[in-house]
Amino acid sequence: MGNHSIFGEFVLLGLSADPQTQVLLFMLFLVIYLLTLMGNLVMLLVIRADSHLHTPMYFFLGQLSFLDLCHSSVTVPKMLENLLSESKSIFVESCLAQAFFVFATGGTEACLLAVMAYDRYVAIGSPLLYGRVMSNQLCAGLVWGSWGLAFVDALINILMAVSLDFCEDQTIPHFSCELSSLFPLSCSNTTTNFTLLLCSSVLHFFGTFILILFSYTRIVSTILSISSTLGRRKAFSTCSSHLTTVALFYGSGFLSYLLPPSGSPLEMIFPLQYSVVTPMLNPLVYSLQNKEVKVAMGRMLRRYVHYFIEWTRESGPCGS
């Protein structure tokens, strides 16, 4: 390989080089991040507090909210820091750690969306056997399997990337660290790394997408066999929130990775969609399109208002 200098830091170019634009972007993404935290924490609280939501469907939805919290927290805080910083640097080790958690949480979410599609297929196709098939043990196993598969896959990819020498250009034309952005900066042979990353992407994203398509093919076939129009509408309504989430996640992800690079700042729109915007939208999708969640939120709000009124009465005007 010859003599070469090894850099200890990368520079994330981010979304804009204009200081005024950076301040505006900081305020925008800070609001989005706070809404993401609030929306997903409220969803977790509602699911945990309301016994009517202690079902497999909402167990998986709670896992999705937790994943969205993790996925956005991996990238957004550093992006916010860089929008107000002049250096915009990140240590190589920190960049690799961020790339690991981006890959792990993204891969887990892809697996979890496939699990949720299977859950909807069982609920619609075999409603009488739903409680027996989707047992607590199976639900926990599917969730742990999703986490385990994604983390093992991410770990293998990162361990391969750790051995690379990064000695070329320090700049990453992105707001976060992803493996596909790091390989061009290496002066090592990255053929094996690219091949491994491609296989992992096919497994997690195309593989899970095919499983989702298969589940919904069976779901549509079952719904069409229902004679009642009201029954078909009710069956489809249980899938609408999940379909919206799938469209947001896979639509932006596929467009981000399949479109050829052009060097345009517009390329950042799709990564921003699946890593920043989608985690904020998912709680809204499930709360606005799901009657049970809206009713549960109403019950929780009334309960806390009642507790507050009782507390003020007991405290008295002087706090005695």
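If you read the sequence from its start, that first residue is 1, and numbering goes on from there. Side chains are part of it too, since the values below use all heavy atoms of this structure and drop only hydrogens, waters and symmetry mates.
The closest side-chain heavy-atom distance from L182 to I172 is below 4.5 Å. Put simply, the side chain of V115 reaches to within 4.5 Å of the side chain of F60, judged on heavy atoms. I219 is listed as a side-chain neighbour of C239, based on a closest heavy-atom distance under 4.5 Å. A 4.5 Å side-chain heavy-atom check between M79 and L272 finds at least one atom pair inside the cut-off. Side-chain contact between L80 and L30 is present, with heavy atoms from C-beta onward closer than 4.5 Å. Side-chain contact check for L61 versus M43: some heavy-atom pair is nearer than 4.5 Å. At least one side-chain heavy atom of C111 sits under 4.5 Å from a side-chain heavy atom of H204. In this structure, Y58 and D50 have side chains that are not in contact, with every pair of non-hydrogen atoms separated by 4.5 Å or more.
With respect to T191, the side chain to side chain donor-acceptor pair (under 3.5 Å) criterion is satisfied by exactly one of N189, T195, N193: N189. Evaluated for a side chain to side chain contact (heavy atoms under 4.5 Å, CB included) with P279, the options L248, L37, D68 yield exactly one hit, D68. The side chain to side chain contact (heavy atoms under 4.5 Å, CB included) test with F103 singles out one residue from T108, L197, I158, and that residue is L197.
L213 and V220 sit in two unconnected hydrophobic clusters of ILVMFWY residues. Membership requires side-chain heavy atoms under 4.5 Å apart, directly or through other members. Cluster membership for L185 and V11, using ILVMFWY side-chain heavy atoms within less than 4.5 angstrom, is not shared. No single ILVMFWY cluster, assembled from side-chain heavy atoms under 4.5 Å apart, contains both V202 and F214. A single hydrophobic cluster is seen to contain both V122 and L129, as judged by linkage of ILVMFWY side chains at heavy-atom distances under 4.5 Å, directly or through other members. L84 and V276 fall within a single hydrophobic cluster, where Ile, Leu, Val, Met, Phe, Trp and Tyr are joined by side-chain heavy atoms under 4.5 Å apart, directly or via other members.
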Criterion side-chain hydrogen bond (donor to acceptor under 3.5 Å, both in side chains) on T21 and D18, from CA distance to verdict: CA-CA 5 Å; T21 304; D18 181 60; 2.8 Å; yes
For the pair L96 and F100, evaluate side chain to side chain contact (heavy atoms under 4.5 Å, CB included) and give the outcome as yes or no after the intermediate values. CA-CA 6 Å; L96 288 170; F100 168 79; over 6 Å; no
Is there a side chain to side chain contact (heavy atoms under 4.5 Å, CB included) between V102 and S275 once you walk through the steps? CA-CA 9 Å; V102 167; S275 61; over 6 Å; no
Go through the steps to decide whether C177 and L12 satisfy the test side chain to side chain contact (heavy atoms under 4.5 Å, CB included), and finish with yes or no. CA-CA 8 Å; C177 294; L12 292 167; 4.1 Å; yes
Let me see the working for V246 and H242 under side chain to side chain contact (heavy atoms under 4.5 Å, CB included), right down to the final yes or no. CA-CA 6 Å; V246 168; H242 181 257; 3.5 Å; yes
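Counting non-hydrogen atoms of neighbouring residues, nucleotides and ligands closer than 6.0 angstrom, the CZ atom of F194 exceeds 12 such neighbours. Other residues, nucleotides and ligands contribute over 12 non-hydrogen atoms within 6.0 Å of the OH atom of Y216.
Rounded to the nearest 0.5 Å, atoms OG (S126) and OH (Y121) are 6.0 Å apart. Between the OG1 atom in T245 and the CD atom in E109 there is a gap of 8.5 Å [rounded to 0.5 Å]. The structure places CG of L281 at 10.0 Å from CG of L35, a figure rounded to the nearest 0.5 Å. Atom-to-atom distance recorded for E81:CD and S89:OG is 8.0 Å, nearest 0.5 angstrom. Between S221 atom OG and I124 atom CD1 the span is 11.5 Å, to the nearest 0.5 Å. Distance CG/L25 to CD/Q20: 12.0 Å, rounded to 0.5 Å.
Considering all non-hydrogen atoms of both residues, A114 and L211 come closest at CB-CB, 4.4 Å. Scanning all heavy atoms of the two residues, the minimum distance from L44 to L69 falls at CD1-CD1, 3.8 Å. The two atoms that bring G106 and F249 nearest to each other are O-CZ, 3.6 Å, heavy atoms only. Contact detail for T75 and Q98: the closest heavy-atom pair is CA-NE2, 3.9 Å. Contact record, G62 with I47: N-CD1, 3.6 Å, taken as the closest heavy-atom pair. What you find for L83 and F29 is that their closest heavy atoms are CD1-CD1, 4.3 Å.
Without hydrogens or angle criteria, K88 side chain to L13 main chain gives no donor-acceptor distance under 3.5 Å. A donor-acceptor distance shorter than 3.5 angstrom exists from the side chain of H54 to the backbone of R48, with no hydrogens or angles considered. Here the side chain of S225 pairs a donor or acceptor atom with the backbone of T222 at under 3.5 angstrom. With N40 contributing its side chain and T36 its backbone, the two residues share a donor-acceptor pair below 3.5 Å. Judged by distance alone, the side chain of T105 and the main-chain N or O of F101 form a donor-acceptor pair under 3.5 Å.
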Would you be so kind as to tabulate the donor-acceptor pairs closer than 3.5 Å made by side chains of residues 132-148, with sequence neighbours excluded?
unit_1	atom_1	unit_2	atom_2	d
S135	OG	L138	N	3.3
S146	OG	L142	O	2.9

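Note on ring orientation: taking the six-membered ring where Trp is involved, the planes of Y274 and H71 are tilted (angle from 30° to 60°).
With no hydrogens or angles considered, a side-chain donor-acceptor pair links Y130 and D119 at under 3.5 Å. Between the side chains of Q273 and T278, at least one donor N or O sits under 3.5 Å from an acceptor N or O. In summary, the side chains of Y250 and T208 do present a donor paired with an acceptor at a separation below 3.5 Å, with no hydrogens or angles considered. The closest side-chain donor-acceptor pair between S73 and Y33 falls under 3.5 angstrom.
The hydrophobic cluster containing M160 also includes V152, I156, L196, under a criterion of side-chain heavy atoms closer than 4.5 Å among ILVMFWY residues, counted directly or through chains of members.
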